Number of protein chains: 2
Amino acid sequence: MPYTYQYPHPALTVDGVVFGFDDADLKLLLIQRALDPFQGKWALPGGFVRIEEGLEQAARRELAEETGITRLYLEQLFTFGDPKRDPRERVVSVAYYALVKLAAHRVRAASDARHAAWFPVADLPALAFDHAAIVELAFQRLKTKVRYEPIGFELLPEKFALSELQRLYEVILAQPIDKRNFRKKILSMGLLQDTDEIQQDVTHRAARLYRFEPRRYEQLKRKGLNFEL
Amino acid sequence: MPYTYQYPHPALTVDGVVFGFDDADLKLLLIQRALDPFQGKWALPGGFVRIEEGLEQAARRELAEETGITRLYLEQLFTFGDPKRDPRERVVSVAYYALVKLAAHRVRAASDARHAAWFPVADLPALAFDHAAIVELAFQRLKTKVRYEPIGFELLPEKFALSELQRLYEVILAQPIDKRNFRKKILSMGLLQDTDEIQQDVTHRAARLYRFEPRRYEQLKRKGLNFEL
DNA sequence: TCAAAAGTGTTAACCATACACCCATGC
DNA sequence: GCATGGGTGTATGGTTAACACTTTTGA
């Protein structure tokens with residue numbers, strides 16, 4: 001059943017740049033393409049937008065279908081529309097970037113039948129289409145956004161130690177941070193709730209675990225707080 | 001000559017949110033729709049993306065065709081794809097926002113045959129489609145971006161007085177700024193070149209005119225400067 | 001008892017803020 | 001000579017940045 005239009009319409013897709021963090025480094029979720037073009041190459045998860053669904057909805061659906069991930073922070077990144085970015089036909093793609101709590105998704109995605117796997121952002125394989133450029137832009141965005149919005153927490157487990165948070169920032173910003181100053185600043189914002197729990201299974205003194213309180217953040221933001229690192 | 005696809009494709013458009021500044025307030029360029037839907041209503045300039053052209057290219061072409069404006073700062077804003085945003089069919093629109101030196105474009109746009117006109121941002125007419133939401137987002141973006149990137153200059157004439165620049169910031173940020181601190185800060189960044197000229201036709205002491213030096217900014221940025229207000 | 005990371009305070013430099021008066025010019 | 005905006009300096013308080021040692025725990 002063909003669909004006919006008076007003028008040519010480009011195809012519309014969504015692609016997702018999914019970041020995870022496992023306290024050594026920042027990871028990116030890729031899938032191996034089963035079909036041409038770029039068969040066998042690694043690519044961003046994504047696919048065609050259905051005619052009756054919203055863009056973000058499409059992005060969430062594709063990520064769920066291809067990687068099994070359903071709970072994530074998702075934000076529109078940029079729309080890529082170079083006429084030659086797909087060798088088959090004109091395809092415009094709305095790219096999203098996503099942050100997930102990797103610990104909860106590690107096994108699932110890695111063992112997925114569609115050949116999904118996590119790669120260190122610093123060491124990615126060659127990517128299909130213009131996906132390298134999309135990843136690059138997403139990483140830039142993450143770098144800048146993490147400094148003035150509390151989105152880093154989306155990459156950590158529910159409960160985390162301050163040193164884990166610090167390492168996250170050090171990895172993303174690619175610069176060392178003074179421990180004392182970091183703690184002072186982050187704690188003084190009043191966004192973290194002490195859980196009264198401590199790390200388990202560590203081979204040294206266990207650290208206190210904290211929880212990020214989004215509602216507290218919304219309250220304080222309204223009173224003029226601005227998160228900044 | 002119809003175009004046929006195996007699956008339905010949404011239509012793809014670009015829309016432009018064009019800001020101008022005339023030292024009293026911030027203005028927005030709108031055009032009056034000649035056709036249904038929303039005939040006679042004011043709307044953002046924009047139109048369909050041609051099959052062989054890039055997105056930004058399409059945005060520039062539409063702005064040139066509908067408003068005569070060709071030299072402007074243009075940046076992709078967001079892609080709007082709610083399935084019901086256009087009553088006719090599914091239309092996904094890539095929105096751009098643009099900053100123009102209004103003084104150079106005032107007459108042209110206002111007298112244009114396509115009924116283009118500048119409206120104060122604070123007092124806009126009802127807009128077609130979801131254009132009010134697009135404008136809202138663009139204004140938000142302008143507000144935040146103007147604080148950490150030197151894009152305000154795109155709204156001013158080539159040569160401008162510091163008080164004009166200050167008023168621009170006061171209007172966009174909707175808050176008063178201390179004159180001495182503003183001057184100290186902006187001049188200390190070393191981005192402005194004194195033109196050795198002064199205002200003409202003013203009814204009081206004429207102010208020095210400055211020029212923003214984009215190349216100087218690029219140099220200093222590489223050395224770690226970050227513009228911030 | 002040693003290794004590894006947790007946790008904690010103080011000082012100095014810098015930057016942001018607040019604030020008021022004189023100057024040049026056109027009418 | 002007066003009205004209008006142009007142009008300038010300083011003092012204070014708050015914030016950031018630099019820096020080192022003690023504590024806890026498991027192996």
Side-chain angles (χ1 to χ4, degrees), chain A residues 21-25 146-148 156-157 159-171 173-211 220 223-229, chain B residues 21-25 146-148 156-157 159-171 173-211 220 223-229:
Chain A
F21 179 71
D22 71 1
D23 96 40
D25 48 20
V146 88
R147 303 191 67 143
Y148 63 89
L156 293 177
K159 299 166 186 176
F160 53 86
L162 290 184
S163 58
E164 292 168 340
L165 184 61
Q166 182 178 341
R167 223 159 316 152
L168 171 66
Y169 275 98
E170 288 177 330
V171 167
L173 301 177
Q175 62 177 9
I177 300 174
D178 180 272
K179 182 165 59 156
R180 287 162 289 189
N181 293 336
F182 179 79
R183 287 166 169 252
K184 241 177 297 174
K185 187 153 188 180
I186 210 88
L187 287 176
S188 73
M189 291 193 220
L191 301 176
L192 299 188
Q193 178 67 241
D194 188 337
T195 63
D196 289 325
E197 293 175 54
I198 57 172
Q199 290 178 320
Q200 302 299 322
D201 307 316
V202 283
T203 171
H204 55 270
R205 176 175 177 183
R208 279 184 131 68
L209 297 179
Y210 293 84
R211 188 203 323 275
L220 291 171
K223 286 178 188 157
L225 169 86
N226 62 327
F227 185 90
E228 203 178 322
L229 226 136
Chain B
F21 178 71
D22 71 359
D23 98 37
D25 48 19
V146 87
R147 303 191 68 142
Y148 63 89
L156 293 177
K159 299 167 187 175
F160 53 85
L162 290 184
S163 58
E164 292 168 341
L165 184 62
Q166 180 177 342
R167 222 159 316 154
L168 171 65
Y169 276 96
E170 288 177 330
V171 166
L173 302 177
Q175 62 178 8
I177 300 174
D178 181 273
K179 181 167 58 158
R180 285 161 291 187
N181 294 336
F182 178 80
R183 285 165 171 252
K184 241 178 298 175
K185 187 153 191 183
I186 209 88
L187 287 176
S188 73
M189 291 193 220
L191 302 175
L192 299 189
Q193 178 66 243
D194 188 336
T195 63
D196 290 325
E197 294 175 53
I198 56 171
Q199 290 177 320
Q200 303 299 325
D201 307 317
V202 282
T203 170
H204 54 273
R205 177 177 175 184
R208 282 183 130 68
L209 297 179
Y210 292 85
R211 189 200 327 271
L220 291 171
K223 287 179 187 158
L225 169 85
N226 61 328
F227 185 89
E228 202 179 323
L229 228 137

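Treat the numbers as computed from the prediction; the structure is a model and nothing was measured. A, B, ... follow the sequence lines: proteins, then strands. Residue 1 opens every chain.
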Original post:
Under a 4.5 Å cut-off applied to non-hydrogen side-chain atoms, are B:Leu192 and B:Leu162 in contact?
Top reply: yes
Original post:
Taking all non-hydrogen atoms of both residues, which atom of B:Asp178 and which atom of B:Arg180 are closest, and how far apart?
Top reply: OD1-N, 3.1 Å
Subject >> Nearest to side-chain heavy atoms of B:Asp178, which nucleotide of C:dA18, C:dA6, C:dG9 >> reply: C:dA18
**OP:** Mind calculating the distance between CD1 (A:Ile177) and C1' (D:dA17) to the nearest angstrom?
**Re:** 13 Å
**OP:** Round to the nearest Å and state the distance from A:Leu187 atom CG to C:dG9 atom C1'.
**Re:** 15 Å
Original post:
When you look at CZ of A:Arg167, are more than 12 heavy atoms from neighbouring residues, nucleotides or ligands closer to it than 6.0 Å?
Top reply: yes
**OP:** Write down the distance between NZ (A:Lys185) and C1' (D:dG14), rounded to a whole number of angstrom.
**Re:** 13 Å
**OP:** Look at the side-chain N and O atoms of A:Arg180 and state whether any lies under 4.0 Å from the OP1 or OP2 oxygen of C:dG9.
**Re:** no
Original post:
Is any N or O donor-acceptor pair between the side chain of A:Arg205 and the base of D:dT23 shorter than 3.5 Å?
Top reply: yes
**OP:** Round to a whole Å and report the spacing from CG of B:Asp194 to P of D:dG6.
**Re:** 15 Å
Original post:
What is the distance from CD of B:Glu228 to P of D:dT16, rounded to the nearest Å?
Top reply: 11 Å
Original post:
Ignoring hydrogens and angles, are the base of D:dT10 and the side chain of B:Lys184 linked by a donor-acceptor pair under 3.5 Å?
Top reply: yes
Subject >> Closest to the B:Arg208 side chain, choosing from D:dC19, D:dG7, C:dA6 >> reply: D:dG7
**OP:** Starting at atom CZ of A:Phe227, determine the distance to atom P of D:dT15, rounded to an integer number of angstrom.
**Re:** 17 Å
Subject >> Given C:dG9, C:dA24, C:dA4, the nucleotide with the shortest approach to the side chain of A:His204 >> reply: C:dA4
**OP:** Select from B:Ile198 and B:Asn181 the residue whose nearest nucleotide in DNA chain C is closer to the 5' end of that strand.
**Re:** B:Asn181
**OP:** In whole angstrom, give the distance that lies between atom CZ of B:Phe182 and atom P of C:dT17.
**Re:** 13 Å
Original post:
Is any N or O donor-acceptor pair between the side chain of B:Lys179 and the base of C:dT17 shorter than 3.5 Å?
Top reply: no
**OP:** For B:Arg183 and C:dT17, give me the distance from atom CZ to atom P, rounded to whole Å.
**Re:** 18 Å
**OP:** Indicate whether OP1 or OP2 belonging to C:dA4 is found under 4.0 Å from a side-chain N or O atom of A:Thr203.
**Re:** no
**OP:** Give the minimum heavy-atom separation between B:Glu164 and B:Gln199, together with the two atoms involved.
**Re:** OE2-NE2, 3.6 Å
Original post:
Okay, side chain of B:Gln193, backbone of B:Arg211: is any donor-acceptor separation there less than 3.5 Å?
Top reply: no
